[in-house]
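Numbered from 1 within each chain, the chains take letters A, B, ... in sequence-line order. Remember, predicted model here, so these are calculated numbers, not experimental data.
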Amino acid sequence: MTALELSAAMQAKKIGVAEVLQAQFTRVEQSQCNAFLALAKERAFARAHEIQAKIDAGEVLSPLMGVPIAIKDNISTKDIATTCASKMLQSYVPVFSATAVEHLEHAGMIVLGKLNMDEFAMGGSSETGHFGAVRNPWNVDCVAGGSSGGSAAAVAAGDVPLTLGSDTGGSIRQPCAFCGTTGIKPTYGAVSRYGLVAYASSLDQIGPIGRDINDCAALLEIISAACDNDNTYVMQQPFCFDRSDCQGMRIGLPRNYFASGIADDVKQSVLAAAREFEAAGAHIEEFDMPLMDEMIQAYYVIACAEASSNLSRYDGLKYGYRSDETGDLQTLYKVSRSEGLGLEVKRRIMLGSFVLSSGYYDAYYKKALQVRALIKQAYDELFARFDMILSPVAPTTAYKLGENVDDPMTMYMGDIYTVSVNLAGLPAVSLPCGFDKQGLPVGLQLIGNAFDEAKLVAAARAYQRRTDFHTKLAGGAQ
Amino acid sequence: MQIDENLIAYLEELSCLQLSADEKQRLAGDLQDILGSMARLGQVNTDGVPERSHPFDVVNAFRDDDVQPSLDRALILRNAPQQDGEMFIAPQTV
């Protein structure tokens, strides 16, 4: 059952809110995916009784009223620990909720718990967190993708119908592709970042992950509502998605994304999807994506530079981990950070410090910002020709746990199709589009012009009406 | 560019980190590979291209200079590793 169907059943009083919640908790407690870091049982059942009373009184808060949701652990939840999967924040309990969380709670949704991820969202496999790797529900020996691996795995396993993730360089889309779920990375500025623990502030966005595009679109309508606390939130009014066809849409297909370095199963599934869009009334045209070989480099320079600045706040004094080692203030800072942060986070902080340092700033950071401008310009020119771009999400399907985690360059290259979207601040949806020979899901992405989420949702709806990949859950879960 | 012990020590200082010997060795190798790859950016012609630090042009957003309630001090201090009920406790600096 989708989240919208579940809410409709609750609002029609065919099933109780607490009953649904209990069923989800039972599933989570039996899960083998290590997708959850915390459950908020007492709070959730108290909320369930409140929402049930409103339903009984005939109140309608939203089409997702009563639906349980789980939240990536880098999104602040008042009175529920928010650890970013880091030892550094192991004991941190926010005193406020993120705007996106407040919006979904006002819409009558119920926060069930917090989800595992790569530490501080730095990774593409959800293996770098302090609390162990997330396992892919399609094959528990494989990664779930990252950094929102827990968010995608929990939906794929049927543990919860909807989740929130965050996407800095593909962190919603790639785990969706690996786990066979649907996700939306909204335009930069379309969803408030207030309460999202910062990794790279000019790239981060919160977005929904669910079983199909309709559930994700309904949640995005809710979380894209107003925020006074984020100066980069620019929406005049929340999204309203009513179109559901791709008739006459011009879809660009980047020829060079399929030329080399892509698994054949992924290539064939995405090309088959292109034919489905064509059959649904879209026009497909091939083109060569400029700067394909420089996107990853520009992204990692910028993301690491911003990370090195953002993560300087973890000092062992105001909140978070503090070392027992005694010494002067500088020693306390250094030792607390060194004991509290994991290796991938340290790697990115060190890289960021390097590209911002005197003597290297121009060659790396300034240059990356100029390449970012060229990428944005390239997209602007492409969206004069196309309504959207269709591409793979990742070059491969999910790989084995531990296979790449000690090889940062291989890990970083896995982001080749996703990072340019964040550099240009664009929206993209990730949709399941097939399975490889091992039965692991394959994902595609549709990239749109800024604030053109409605077109992406419409095309995604058309695609999911014609295909059934999104209806399948890992292990046949219902 | 060669990543040597001196550069790693400099980056540790800038990053406010104190790495173990094993971490230093691993990160030196990783940074060598990653920065070698990043050097590819130097081949892109960016003459006259302005730097873009943000997806869209942003301007500072001013709000009215009104007094607003702050977060509760006791709640904030709840997350501090060491505090005395009113302030964070830090090592003596003077």
Asker: Is a salt bridge present between B/E51 and A/K367, judged by a nitrogen-to-oxygen distance below 4.0 Å?
Answerer: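 Salt bridge between B/E51 and A/K367, a charged N being under 4.0 Å from a carboxylate O: no.
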
Asker: How about A/R372 and B/P55: do any of their side-chain heavy atoms sit closer than 4.5 Å?
Answerer: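 A side-chain contact under 4.5 Å exists here.
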
Asker: Look up atom OG in A/S353 and atom CD in B/E12, then write down how far apart they are to the nearest 0.5 Å.
Answerer: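 Interatomic distance, A/S353 OG to B/E12 CD, rounded to 0.5 Å: 11.0 Å.
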
Asker: Which one of B/V49, B/N45, B/L41, B/V44 satisfies the side chain to side chain contact (heavy atoms under 4.5 Å, CB included) criterion with A/Q370?
Answerer: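 Answer to the side chain to side chain contact (heavy atoms under 4.5 Å, CB included) test with A/Q370 among B/V49, B/N45, B/L41, B/V44: B/V49.
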
Asker: Specify which of B/S53, B/G42, B/A90 makes the most heavy-atom pairs with chain A at under 4.5 Å.
Answerer: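 Most heavy-atom pairs under 4.5 Å with chain A: B/S53.
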
Asker: For B/Q32, is the CD atom crowded, meaning more than 12 foreign heavy atoms sit under 6.0 Å from it?
Answerer: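 Enclosed: over 12 neighbouring heavy atoms sit under 6.0 Å from CD of B/Q32.
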
Asker: Determine whether A/Y300 and B/I34 make a side-chain contact, defined as any pair of heavy atoms from C-beta on separated by less than 4.5 Å.
Answerer: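 Counting from C-beta outward, A/Y300 and B/I34 never come under 4.5 Å.
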
Asker: Among the options B/P50, B/S20, B/S15, pick out the one with the most heavy-atom pairs lying under 4.5 Å from chain A.
Answerer: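 So the answer, after comparing B/P50, B/S20, B/S15, is B/S15.
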
Asker: Within this structure, what is the OG1-CG distance for the pair A/T82 and B/N79, rounded to the nearest 0.5 Å?
Answerer: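 If we round to the nearest 0.5 Å, A/T82:OG1 and B/N79:CG are 9.5 Å apart.
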
Asker: Answer yes or no: are there more than 12 heavy-atom neighbours, outside A/K78 itself, under 6.0 Å from its atom NZ?
Answerer: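 No - once you tally the heavy atoms of other residues, nucleotides and ligands closer than 6.0 Å, there are 12 at most.
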
Asker: If you draw a 6.0 Å radius around CG in A/N229, do more than 12 non-hydrogen atoms from other residues or ligands fall strictly inside?
Answerer: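 More than 12 within 6.0 Å, yes.
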
Asker: Highest number of heavy-atom pairs under 4.5 Å with chain B: which of A/V301, A/L423, A/N422?
Answerer: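 Ranked by contacts with chain B, first place is A/V301.
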
Asker: I'd like to check A/D328 versus B/T93 (side-chain heavy atoms, cut-off strictly below 4.5 Å). Are they in contact?
Answerer: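 They are not in contact (no side-chain heavy atoms under 4.5 Å apart), so the answer is no.
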
Asker: Quick one, B/C16 and A/Q330 - any side-chain contact, counting heavy atoms below 4.5 Å?
Answerer: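 Side-chain contact under 4.5 Å: yes.
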
Asker: Side chain of A/S202, backbone of B/H54: donor and acceptor closer than 3.5 Å?
Answerer: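 Pair absent, no side-chain N/O of A/S202 close to backbone of B/H54.
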
Asker: Name the atoms and distances for all side-chain donor-acceptor pairs under 3.5 Å in residues 64-75 of chain B, with sequence neighbours left out.
Answerer:
unit_1, atom_1, unit_2, atom_2, d
B/D72, OD2, B/A74, N, 3.1
B/D72, OD2, B/L75, N, 3.1
B/R73, NH1, B/E86, O, 3.0

Asker: From B/M38 CE over to A/I296 CD1, what is the distance, rounded to the nearest 0.5 angstrom?
Answerer: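 CD1 of A/I296 is found 9.5 Å from CE of B/M38.
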
Asker: Let me know if B/D47 has heavy atoms under 4.5 Å from chain A in its side chain, its backbone, both or neither.
Answerer: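 It is neither, since no heavy atom gets under 4.5 Å.
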
Asker: Any heavy-atom pair between the side chains of A/Y360 and B/L35 that's under 4.5 Å?
Answerer: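 Not touching, per the 4.5 Å side-chain cut-off.
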
Asker: Quick one, A/M409 and B/D30 - any side-chain contact, counting heavy atoms below 4.5 Å?
Answerer: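 Sidechains of B/D30 and A/M409: no contact.
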
Asker: Give, as side chain, backbone, both or neither, the part of A/A368 having an atom under 4.5 angstrom from any heavy atom of chain B.
Answerer: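 Interface part for A/A368: both.
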
Asker: I'd like to know if B/R78 and A/D79 make a salt bridge, using a cut-off of under 4.0 Å between side-chain N and carboxylate O.
Answerer: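 Looking at B/R78 and A/D79, the cut-off is met.
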
Asker: Give, for atom CZ of A/F354 and atom CG of B/L14, the distance between the pair rounded to the nearest 0.5 Å.
Answerer: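 CG of B/L14 is found 11.0 Å from CZ of A/F354.
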
Asker: More than 12 non-hydrogen atoms from neighbouring residues, nucleotides or ligands closer than 6.0 Å to CG on A/D324, yes or no?
Answerer: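 12 or below, so no.
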
Asker: Would you give the length of the straight line joining atom CE of A/M350 to atom OH of B/Y10, rounded to the nearest 0.5 angstrom?
Answerer: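 These two atoms lie 12.0 Å from each other.
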
Asker: Could you have a look at B/L17, B/L19, B/D33 and say which one has the most heavy-atom pairs with chain A under 4.5 angstrom?
Answerer: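 Going by pairs under 4.5 Å, I would pick B/L17.
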
Asker: Below 4.5 Å, heavy atoms only, C-beta onward: do A/D406 and B/R26 meet side chain to side chain?
Answerer: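 Yes, close enough: below the 4.5 Å cut-off.
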
Asker: Partners of A/S323 by side-chain contact (heavy atoms from CB on, under 4.5 Å), sequence neighbours excluded?
Answerer: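 Residues passing side-chain contact (heavy atoms from CB on, under 4.5 Å) with A/S323: A/Y321, A/E325, A/V335, A/S336, A/E339.
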
Asker: Going by side-chain contact (heavy atoms from CB on, under 4.5 Å), name the residues that satisfy it together with B/F56, two or more places apart in sequence or in a different chain.
Answerer: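 Residues passing side-chain contact (heavy atoms from CB on, under 4.5 Å) with B/F56: A/T187, A/Y188, A/K376, A/A450, A/F451.
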
Asker: Shorter than 4.5 Å, heavy atoms on both sides: which option in A/L341, A/V371, A/I375, A/V234 has the most such pairs with chain B?
Answerer: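 Heavy-atom pair counts peak at A/V371.
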
Asker: Salt bridge or not between B/R63 and A/D228? Use side-chain N to carboxylate O under 4.0 Å.
Answerer: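 No salt bridge links B/R63 with A/D228.
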
Asker: Report the distance from atom CZ of B/R40 to atom CG of A/D293, rounding to the nearest 0.5 Å.
Answerer: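 Answer rounded to 0.5 Å: 5.0 Å.
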
Asker: Who in residues 308-317 of chain A is close to chain B, using a strict under-4.5 Å heavy-atom cut-off?
Answerer: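 A/G316, A/L317, listed by number.
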
Asker: Relative to chain A, which segment of B/L7 carries a heavy atom at a distance below 4.5 Å: side chain, backbone, both, or neither?
Answerer: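 For B/L7, the contact with chain A is made by the side chain alone.
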
Asker: How about B/L11 and A/L351: do any of their side-chain heavy atoms sit closer than 4.5 Å?
Answerer: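 No, too far: nothing below the 4.5 Å cut-off.
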
